[in-house]
Peer 1: 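First, the structure itself, so that you have it in front of you.
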Amino acid sequence: MPKVTIDGTELEVAPGTTILQACQQAGVEIPHFCYHERLQIAGNCRMCLVEVERSPKPVASCAMPVADGNVILTQSEKARKARHGVMEMLLLNHPLDCPICDQGGECDLQDQAMAYGFDRGRFDEGKRAVRDKDFGPLVATSMNRCIHCTRCIRFLNEIAGVEELGATGRGEAMEITTYVERALGSELSANIVDLCPVGALTSKPYAFVARPWELRKTESVDVLDAVGSNIRIDARGDQVLRVLPRLNEDVNEEWLSDKSRFAVDGLVHRRLDRPYIRRGGRLVEVEWSEALDLVADRMKATPPERIAAIAGDLCDAETMFAAKELLQGLGAQSLDCRQDGARLDSACRAGYLFNTTIAGIERADACLLIGTNPRREAALVNARLRKRYLMGGFRVAAIGPELNLTYPAEMLGDGGDALNALVEGNHPCGEILRNAKAPMLILGQGALRRPDGDRVLGAARALAEACGMIRDDWNGFNVLHVAAARVGGLELGFVPGPGGSGTAAILAGCKSGATELLYLLGADECDLGNTGGAFVIYQGHHGDRGAARADVILPGAAYTEKDASWVNTEGRVQPGRRATFPPGEAREDWTILRALSGALGRTLPYDSLPELRARMRAAHPGFAHIDAIVPAAWGPFGAAGPVDPAPFTYPVDDYYRTDPISRASPTMAKCSQLFGGHPDAAPRTGTHG
């Protein structure tokens with residue numbers, strides 16, 4: 001391994017390490033703009049110049065591999081003068097508009113100009129003017145500030161897999177632009193705002209709203225899909241102003257999907273901030289005591305077998321645990337967290353988890369997608385699949401309608417016929433899976449929510465076993481969820497008990513009279529069009545589909561307004577933390593259930609969140625393992641029998657509006673209108689404001 005000397009300190013590094021990386025390992029800071037550890041090296045900005053002995057000129061450290069015996073000087077007069085010169089050139093055309101720039105206070109150029117800038121300029125030429133580009137409703141541009149680092153181009157080409165940005169012209173005429181003037185069609189497009197080292201690309205919805213030092217920062221977890229991306233919530237007062245990604249190498253790395261980032265403006269629209277009771281066909285405001293007493297009276301008067309509850313896609317684990325204890329304490333067994341009717345077997349953990357793990361995708365060498373479009377259902381899982389494809393030696397095949405992914409996928413068919421052929425060993429793709437060293441399959445909710453979803457699950461299990469996906473050191477069977485609450489609900493056993501009914505039977509019972517009381521825990525995605533004469537209680541935070549049908553509304557807290565836990569698609573328990581308080585008279589969800597239990601005369605045995613969590617972890621020990629993967633034991637699940645040949649469907653019709661928060665978001669409404677709900681679709685018009 002090469003040995004180098006950096007500022008008098010000898011260091012041994014791996015072959016192929018660049019000088020900049022070696023300096024970072026030695027704890028020496030090298031200024032840079034274009035270099036990013038997750039992107040290919042470009043060597044554009046030249047800010048990282050260092051002096052290397054016996055080299056006639058300063059060397060761009062980001063692009064130069066170390067050689068054995070290199071003596072590197074990062075603070076020599078030659079290196080410092082070179083950086084000062086580069087900074088002077090970068091500021092030559094840069095506008096002096098820091099007071100009105102949204103990047104002010106968190107700008108790399110601003111920070112490095114403090115160390116390497118000069119208090120006057122030596123150039124008399126006028127500054128270059130560049131027309132701003134229209135990248136759609138999410139990314140604002142001020143191209144006069146662009147320093148041509150090309151981070152945005154490289155991210156969209158390499159990570160997002162959408163080759164829409166490029167550089168045109170040369171020298172003074174060089175511009176970063178789209179090839180055809182249109183909005184950026186990627187579900188990860190706003191990550192270029194984080195990557196931009198100057199104020200050329202900023203958040204359009206957040207423009208001129210706040211300065212970084214005004215914001216209160218809270219580390220939390222995203223719940224708008226089942227990936228469980230780690231996020232930082234920035235709030236001022238009682239309002240969330242923006243959401244940014246937080247580093248977690250095992251989950252989202254340092255990226256975030258556009259919906260998770262921008263849907264937060266829906267937190268201030270269509271909110272439920274006080275209890276309501278339906279009287280004379282209209283919802284009227286009431287006090288908490290009156291609403292809880294009415295719910296308690298109806299529960300007492302209803303036979304337990306006629307009481308049912310459905311947990312929604314954003315529900316946290318603590319709320320589902322409290323609801324289960326309360327309702328089962330009354331004798332009710334009709335509970336379900338699978339509001340889309342997915343035929344998942346809660347008896348075997350391996351049958352509903354993403355067992356390979358998200359980071360484990362990088363170990364696979366073949367993948368079969370069954371009834372899933374990961375680009376719309378879990379954009380960051382799709383990005384990880386693309387990352388693995390770019391490493392080479394990775395083949396992807398898919399069963400379902402035609403897909404537009406960011407990597408090549410061989411379409412095997414659109415329905416059950418192809419899956420049956422694979423299970424029977426009559427499909428050539430089966431040989432590829434059997435010969436792979438680490439094969440994996442991803443089973444989507446579109447395949448599981450069909451009437452024969454249990455047979456699809458059984459067929460996928462049989463295929464995994466036949467193709468060698470299940471070994472002591474590897475589990476290639478994966479279920480990709482779209483709901484943040486789903487795995488947590490299955491872990492807690494929020495499913496029908498003995499004699500209980502699932503979602504479809506519960507809703508059918510509302511029509512027939514078999515279900516007299518229906519408790520919705522933020523359940524807005526099931527068909528509530530005909531609930532007959534059932535008494536419907538809705539506990540949630542937005543006036544969405546469930547609230548429209550409710551007879552009683554109990555206002556709860558959104559994910560940014562409570563301390564709670566969620567379990568992502570791979571079974572990773574992650575805590576979310578409160579960034580703001582719920583509006584008006586809304587309350588944290590578990591406290592509502594605790595108060596209701598008191599009104600029922602069956603007080604739940606905890607008065608605080610730590611007490612509730614201690615009881616939950618005692619009953620379900622897996623919740624004690626925070627941000628860790630607990631491997632699932634393999635066992636039987638699913639049903640035997642051929643799969644119906646009917647085509648699979650995908651669960652996400654409109655990527656930008658999948659839940660009550662995103663449906664209330666004006667920004668997501670603009671995106672949905674522009675792209676027809678699909679970020680990979682062409683915009684409906686030529687230019688966009």
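Hydrogens, waters and symmetry mates play no part in the numbers below; they use all other heavy atoms, side chains included. Quantities reported herein were computed from a predicted structural model and do not represent experimental measurements.
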Peer 1: Under 3.5 Å, sequence neighbours excluded: what are the donor-acceptor pairs made by side chains of residues 225-232?
Peer 2:
unit_1 : atom_1 : unit_2 : atom_2 : d
D225   : OD1    : V227   : N      : 3.1
N230   : OD1    : N248   : ND2    : 3.1
N230   : ND2    : G228   : O      : 3.2
N230   : ND2    : Q574   : OE1    : 2.8
R232   : NE     : D234   : OD1    : 2.9
R232   : NH2    : D234   : OD2    : 2.7

Peer 1: What are the two closest non-hydrogen atoms of P31 and Q112, and how far apart are they?
Peer 2: CB-OE1, 3.1 Å
Peer 1: Of the non-hydrogen atoms in D589 and A557, which two are nearest, and what is the gap between them?
Peer 2: OD2-O, 3.4 Å
Peer 1: Is it true that the side chains of E318 and S565 contain a donor and an acceptor less than 3.5 Å apart?
Peer 2: yes
Peer 1: Apply side-chain contact (heavy atoms from CB on, under 4.5 Å) to the pair L521 and Y538, showing each step before the final yes or no.
Peer 2: CA-CA 6 Å; L521 287 167; Y538 180 79; over 6 Å; no
Peer 1: Looking only at non-hydrogen atoms, find the nearest pair between A60 and L49 and report the distance.
Peer 2: N-CD2, 3.6 Å
Peer 1: Could you tell me whether the side chain of K217 and the main chain of I233 form a donor-acceptor pair under 3.5 Å?
Peer 2: no
Peer 1: Looking at M391, I want to see if its CE is surrounded by more than 12 non-hydrogen atoms of other residues, nucleotides or ligands under 6.0 Å.
Peer 2: yes
Peer 1: Can T178 and K133 be counted as having a side-chain donor-acceptor contact under 3.5 angstrom?
Peer 2: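 No donor-acceptor contact under 3.5 Å links the two side chains.
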Peer 1: CG/D544 to CG/L520 distance, rounded to the nearest 0.5 angstrom?
Peer 2: 11.5 Å
Peer 1: For residues C315 and A485, report the shortest heavy-atom separation together with the two atoms involved.
Peer 2: O-CB, 3.1 Å
Peer 1: Under the side chain to side chain contact (heavy atoms under 4.5 Å, CB included) rule, collect the residues that match up with R578, sequence neighbours excluded.
Peer 2: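 D563, F581, E588.
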Peer 1: When you compare the side chains of D265 and S665, does any donor N or O come within less than 3.5 Å of an acceptor on the partner?
Peer 2: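 Side chains of D265 and S665: pair found under 3.5 Å.
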Peer 1: D313: what forms a salt bridge (charged side-chain N to carboxylate O under 4.0 Å, His left out) with it, not counting sequence neighbours?
Peer 2: R486
Peer 1: Taking side-chain hydrogen bond (donor to acceptor under 3.5 Å, both in side chains) as the definition, give me every residue that meets it alongside T406, ordered by chain and number, with sequence neighbours left out.
Peer 2: N382
Peer 1: Side chain to side chain donor-acceptor pair (under 3.5 Å), that's the test. Do D238 and T580 meet it? Break it down for me.
Peer 2: CA-CA 5 Å; D238 61 352; T580 61; over 6 Å; no
Peer 1: Any chance the side chains of S189 and D258 put a donor and an acceptor closer than 3.5 Å?
Peer 2: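 Side chains of S189 and D258: pair found under 3.5 Å.
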Peer 1: Determine whether a donor-acceptor pair (N or O, by modelled atom type, separation under 3.5 Å) exists between the side chain of K127 and the backbone of P95.
Peer 2: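 No; judged by distance alone, with no hydrogens or angles, the pair does not exist.
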Peer 1: Can you name the nearest heavy-atom pair linking Q103 to T202, along with the distance?
Peer 2: OE1-CG2, 4.1 Å
Peer 1: Main chain of G360, side chain of R388: is a donor-acceptor contact present, judged purely on distance under 3.5 Å?
Peer 2: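 No: the side chain of R388 does not pair with the backbone of G360.
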Peer 1: Whether R376 and E187 form a salt bridge (side-chain N of Lys/Arg under 4.0 Å from carboxylate O of Asp/Glu) is what I want to check.
Peer 2: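 No, E187 and R376 are not salt-bridged.
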Peer 1: Would you confirm whether R572, through its side chain, and T569, through its main-chain N or O, come within 3.5 Å as a donor-acceptor pair?
Peer 2: no
Peer 1: Can any side-chain N or O of E214 pair as donor or acceptor with the backbone N or O of R211 at less than 3.5 Å?
Peer 2: yes
Peer 1: Who passes side chain to side chain contact (heavy atoms under 4.5 Å, CB included) against V139, sequence neighbours left out?
Peer 2: F135, I192, V193, L201
Peer 1: Side chain of R375, backbone of N404: donor and acceptor closer than 3.5 Å?
Peer 2: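 Yes; judged by distance alone, with no hydrogens or angles, the pair exists.
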Peer 1: Can you find a side-chain donor-acceptor pair between E254 and H36 that sits under 3.5 Å?
Peer 2: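 Judged by distance alone, the side chains do pair up.
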Peer 1: How far does CZ of F262 sit from CE of M668, to the nearest 0.5 angstrom?
Peer 2: 7.0 Å
Peer 1: Count the heavy atoms of every other residue, nucleotide or ligand shown that sit under 6.0 Å from CD of E249, and state whether that count exceeds 12.
Peer 2: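 Buried by this count: over 12 neighbours within 6.0 Å.
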Peer 1: Distance alone, cut at 3.5 Å: any donor-acceptor contact between the side chains of Q21 and Y35?
Peer 2: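 Short answer, yes.
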Peer 1: When you measure from the side chain of N157 to the backbone N and O of R154, does any donor-acceptor pair fall under 3.5 Å?
Peer 2: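 No; zero donor-acceptor contacts below 3.5 Å.
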Peer 1: Other residues, nucleotides and ligands only: do more than 12 of their heavy atoms fall within 6.0 Å of CZ on R246?
Peer 2: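 Enclosed.
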Peer 1: If you measure from SG on C107 to CZ on R145, what distance do you get to the nearest 0.5 Å?
Peer 2: 9.0 Å
Peer 1: According to salt bridge (charged side-chain N to carboxylate O under 4.0 Å, His left out), who are the partners of R131, at least two apart in sequence or on a separate chain?
Peer 2: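 So R131 forms no salt bridge (charged side-chain N to carboxylate O under 4.0 Å, His left out) with any residue.
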Peer 1: Indicate every side-chain donor-acceptor pair of residues 163-170 with a distance under 3.5 Å to a residue at least two apart or in another chain.
Peer 2:
unit_1 : atom_1 : unit_2 : atom_2 : d
E164   : OE1    : G185   : N      : 2.8
E164   : OE2    : R182   : NH2    : 3.2

Peer 1: Which salt bridge (Lys or Arg N to Asp or Glu O under 4.0 Å) pairs, counting each pair once, include a residue from residues 103-113, with sequence neighbours left out?
Peer 2: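 Salt bridge (Lys or Arg N to Asp or Glu O under 4.0 Å) check on residues 103-113 returns E106-R242.
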Peer 1: Is there a donor-acceptor pair closer than 3.5 Å between any side-chain N or O of W566 and the backbone N or O of L314?
Peer 2: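 Looks like yes, one N/O pair under 3.5 Å.
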Peer 1: Between R271 and E561, is there a side-chain N and carboxylate O pair less than 4.0 Å apart?
Peer 2: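 Judged by the 4.0 Å cut-off on N to carboxylate O distance, R271 and E561 do form a salt bridge.
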Peer 1: Does atom CE of M174 have more than 12 heavy-atom neighbours from other groups under 6.0 Å away?
Peer 2: yes
Peer 1: Taking R261 first and then D194, would you say they form a salt bridge - that is, a charged N and a carboxylate O separated by under 4.0 Å?
Peer 2: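 Salt bridge: yes.
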Peer 1: Going by the rule salt bridge (charged side-chain N to carboxylate O under 4.0 Å, His left out), which residues pair with E253 if we only count those two or more places apart in sequence or in a different chain?
Peer 2: R38, R384, K387
Peer 1: Between D654 and R663, does at least one N-O distance fall below 4.0 Å, as a salt bridge requires?
Peer 2: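 Result for this pair is no, no salt bridge flagged.
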Peer 1: Which atom names give the shortest non-hydrogen contact between A42 and T150, and what distance separates them?
Peer 2: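 Scanning both residues, the minimum pair turns out to be CB-OG1, 3.9 Å.
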Peer 1: Can you measure from CD1 (I661) to OG1 (T560) and round to the nearest 0.5 angstrom?
Peer 2: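 So the CD1 of I661 and the OG1 of T560 are separated by 7.0 Å.
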Peer 1: Hey, what do you get for CG (N478) to CZ (F354), rounding to the nearest 0.5 Å?
Peer 2: 4.0 Å
Peer 1: In terms of ring plane angle, is the pair Y407 and Y389 parallel, tilted or perpendicular, where the classes change at 30° and 60°?
Peer 2: tilted
Peer 1: Main chain of A359, side chain of D250: is a donor-acceptor contact present, judged purely on distance under 3.5 Å?
Peer 2: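 No: the side chain of D250 does not pair with the backbone of A359.
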Peer 1: Hydrogens and angles aside, do E377 and T372 bring a side-chain donor and acceptor to less than 3.5 Å of each other?
Peer 2: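 Yes, side-chain donor-acceptor contact under 3.5 Å.
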Peer 1: Look up atom CG in L138 and atom CG in L184, then write down how far apart they are to the nearest 0.5 Å.
Peer 2: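 So the gap between those two atoms works out to 8.5 Å.
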Peer 1: Could you tell me which residues satisfy side chain to side chain contact (heavy atoms under 4.5 Å, CB included) with A63, sequence neighbours excluded, listed by chain and number?
Peer 2: I41
Peer 1: Does R386 have any salt bridge (charged side-chain N to carboxylate O under 4.0 Å, His left out) partners at least two apart in sequence or in another chain, and if so, which?
Peer 2: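 With sequence neighbours excluded, R386 shows a salt bridge (charged side-chain N to carboxylate O under 4.0 Å, His left out) to no residue whatsoever.
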Peer 1: Please, which pairs that meet ring-ring contact (aromatic ring centres under 6.0 Å, His included) have at least one residue in residues 143-172, sequence neighbours excluded?
Peer 2: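 For residues 143-172, and leaving out neighbouring residues, the ring-ring contact (aromatic ring centres under 6.0 Å, His included) pairs sorted by first residue read F155-W255.
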Peer 1: Without swapping roles, check the side chain of H32 against the backbone of M47 for a donor-acceptor pair under 3.5 Å.
Peer 2: no
Peer 1: Determine, stepwise, if the pair R274 / E585 fulfils salt bridge (Lys or Arg N to Asp or Glu O under 4.0 Å).
Peer 2: CA-CA 5 Å; R274 63 201 67 195; E585 297 180 30; 5.6 Å; no
